[in-house]
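Nothing fancy with the numbering, it's 1 onward along the sequence.
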Amino acid sequence: MADPEKGPPLSTIEGRNASHPPTDDVEGPGAAKEMEAATGKEDEISIAPSHASSCSEHHGDVKSARMPPATLYRTTSVTPEAVIVNRKDRRGLFASLTLIPEVSNPYHYARRTKWILTMTIAFAGMAGPMGSAIVMPVLQEIAEQYHATHTIANMSVAVYMLAMGIFPLWWSSFSETTGRRTIYIISFTLFVVFAILSAISTNISMLIIFRTFSGGAAASVQAVGGGTIADIWEVRERGKAMGLFYLGPLCGPLFAPIIGGALGAGLGWRSTQWFLVIYGGITVSLLLFALPETLRSKKGLNTPQEAGTTSEKAATRPELTRISTRQSVKQNSKAYVKHFKRIFIDPLVVLTWLRYPAVLLTVYYASITFGSLYFLNISIQATFSAAPYSFSTLIIGLLYIPNSLGYLLTSIFGGRWIDHIMIREATKAGRYDDRGKLIFIPEDRMRENAWIAAILFPGALIWYAWSAEFGVYWVCPMIANFFFGVGSMLIFSMATTMLTEFMPKRASAGIAINNFLRSMFCFVGAVTAELAISKIGNGWLFTILGLWSVISGLGVILTMRRFGPGWRQAMVEGLGQ
């Protein structure tokens, strides 16, 4: 018998919640509108927290309907409005292993739980970029061992980034139907396998091939992660959550050279790949036990009447019909075509969304910023390993710390700043819905934060370039790199969050497009940076990049401020959002 002070057993509680789905009988039309807002009107999600009602099937029992779900007696990971999914009905691979329960509306997780989920995704997000950058301090050693040129050794980084841009198109497409959790677990299991094969590679071709597949596997979180953040956080708080999430993918290429330099100096270049194996194993464990499915179920909850009808139909013997061989072949052919389209064509369809100017400009601005990051990373390795600096592998790894500090501070304070701007602009414009709650629009994320970032990060690039070109004391270019981290992080978090709000029902698809285009820029940077530095020097290379970035940034901001709302509305109508 259960202790009356502790409440009923958890299994009983979960079953009770699963059998009594929330309805709008208690709170009336207001609750129905809230649930509609929660499912995705992109510019009508209000500042107030959602309150889903919860009542019994027996509509006359008002007293029991107003009682909070008994689940809360044993669970602190959800809010009183949450309806926990029965363990046997939870979605995703090995769903019964999760310590955090799946809920019908992910907005109803407790704030502490949301931050745990966000940090888990950020930790997973470090794996892909870390894999690309961890070999930078040891590229020379790789080239010497395999008797390859530096250009060929750099290809292990370049094609890795190319895979990180292409594979997310498929990960994103599959995640919208199979769910986030399944994609995470499959992809990071593959990441561990390919990292092992990279570590035991016997020639440069084998290393490049398996590092390519490793990058493609880890890239799942680059696309699906933004969708997970949009699943659990409402618009008014999404900026700081996206800032923390993006800290993982951005600190990956900055902490990785430090780790790679230390491991390479003491244990050789293969130790960098074994480090990725260990990191991937830890990530898989976190995903298995700490990440429930967050994608909103497209299958609505049946009413009791519908459930009874379904049961009666299931109990009735189905009527037998005769199907000709020709009909059978035709049906099978259609099924094969449908599966072929689902696997090979549908993931590429999202690239056609670049025809919408709002998406194209936002992705373009983020891409030139991210491409500049990879030009800078390779420049640090090439410049400070040569005269007049001639630093060791370990010291070169430590030179990536200033960028990391810039990202860290901006992720903590920049997201809160952007959220504050969103609330301020909505209040100033008097945008309220019929319930008196603020209405947010994505374009409000491009305010003074965007203007500052548009000048700060290109200016920092030029500052770094000429101080390094003339061999100025190393502290001077490192200070410039700190400000590059601040400015670029403001752009990354702003662009990513806007993309999730442009297409709220396909948030991961928007992120996949972003990853595709920016990875193309990174591929170009990884292939051409060292050659360009040797031909024209750091000064002129980064002056060209800086001026291009300033002109592009100011142009994007002005254009989006002027035409963004109209473009977004046309996109909503075109995509059926």
Side-chain angles (χ1 to χ4, degrees), residues 93 118-136 155-175 178 180-199 201 207-229 245-257 259-260 272-288 290-291 347 370 373-374 377 492 496 508 511-516 518-520 522-523 526:
L93 284 179
T118 302
M119 288 187 289
T120 299
I121 298 303
F123 184 83
M126 288 184 67
M130 182 180 290
S132 72
I134 199 169
V135 298
M136 286 183 178
M155 287 299 292
S156 68
V157 176
V159 296
Y160 186 102
M161 292 305 305
L162 194 62
M164 288 190 65
I166 296 174
F167 279 65
L169 298 176
W170 275 263
W171 294 130
S172 170
S173 178
F174 296 154
S175 77
T178 61
R180 321 289 195 199
R181 176 181 169 84
T182 298
I183 293 300
Y184 285 133
I185 293 174
I186 291 175
S187 62
F188 276 91
T189 300
L190 292 174
F191 173 74
V192 172
V193 172
F194 292 129
I196 293 173
L197 294 173
S198 299
S201 296
L207 177 66
I208 292 175
I209 289 172
F210 285 117
R211 274 184 51 78
T212 300
F213 286 119
S214 177
S220 64
V221 73
Q222 310 305 315
V224 185
T228 302
I229 300 302
F245 159 67
Y246 230 81
L247 185 62
L250 290 173
C251 282
L254 297 173
F255 288 139
I259 299 170
T272 62
Q273 302 307 298
W274 287 115
F275 174 84
L276 294 178
V277 173
I278 297 171
Y279 194 95
I282 295 172
T283 302
V284 171
S285 299
L286 282 174
L287 295 172
L288 279 172
L291 188 72
F370 209 84
L373 167 63
Y374 273 79
N377 281 349
F492 295 143
T496 306
S508 64
I511 306 301
I513 297 172
N514 185 33
N515 277 298
F516 176 80
R518 79 180 188 184
S519 293
M520 299 302 104
C522 293
F523 174 78

Kindly indicate whether the side chain of [X], heavy atoms from C-beta on, has any atom under 4.5 Å from the side chain of [Y].
X	Y	result
Phe210	Ile196	no
Phe174	Thr182	no
Pro168	Phe516	no

Check step by step if ring-ring contact (aromatic ring centres under 6.0 Å, His included) holds for Phe492 and Phe245. CA-CA 11 Å; Phe492 295 143; Phe245 159 67; over 10 Å; no
Nearest 0.5 Å, what's the [atom1]-[atom2] distance between [X] and [Y]?
X	Y	atom1	atom2	answer
Thr283	Leu276	OG1	CG	10.0 Å
Arg181	Leu288	CZ	CG	6.0 Å
Phe167	Thr212	CZ	OG1	8.0 Å
Thr118	Ile229	OG1	CD1	4.0 Å
Ile121	Thr228	CD1	OG1	4.5 Å
Met155	Arg211	CE	CZ	12.0 Å

Taking it one step at a time, do Gln273 and Val135 satisfy side-chain contact (heavy atoms from CB on, under 4.5 Å)? CA-CA 8 Å; Gln273 302 307 298; Val135 298; 3.3 Å; yes
Parallel, tilted or perpendicular, judged at 30° and 60°: which one describes the rings of Tyr279 and Phe123? parallel
Between Ala195 and Ser214, the two heavy atoms sitting closest are N-OG, 4.3 Å
Quick check on Phe213: does its CZ atom have over 12 non-hydrogen neighbours (other residues, nucleotides or ligands) under 6.0 Å away? no
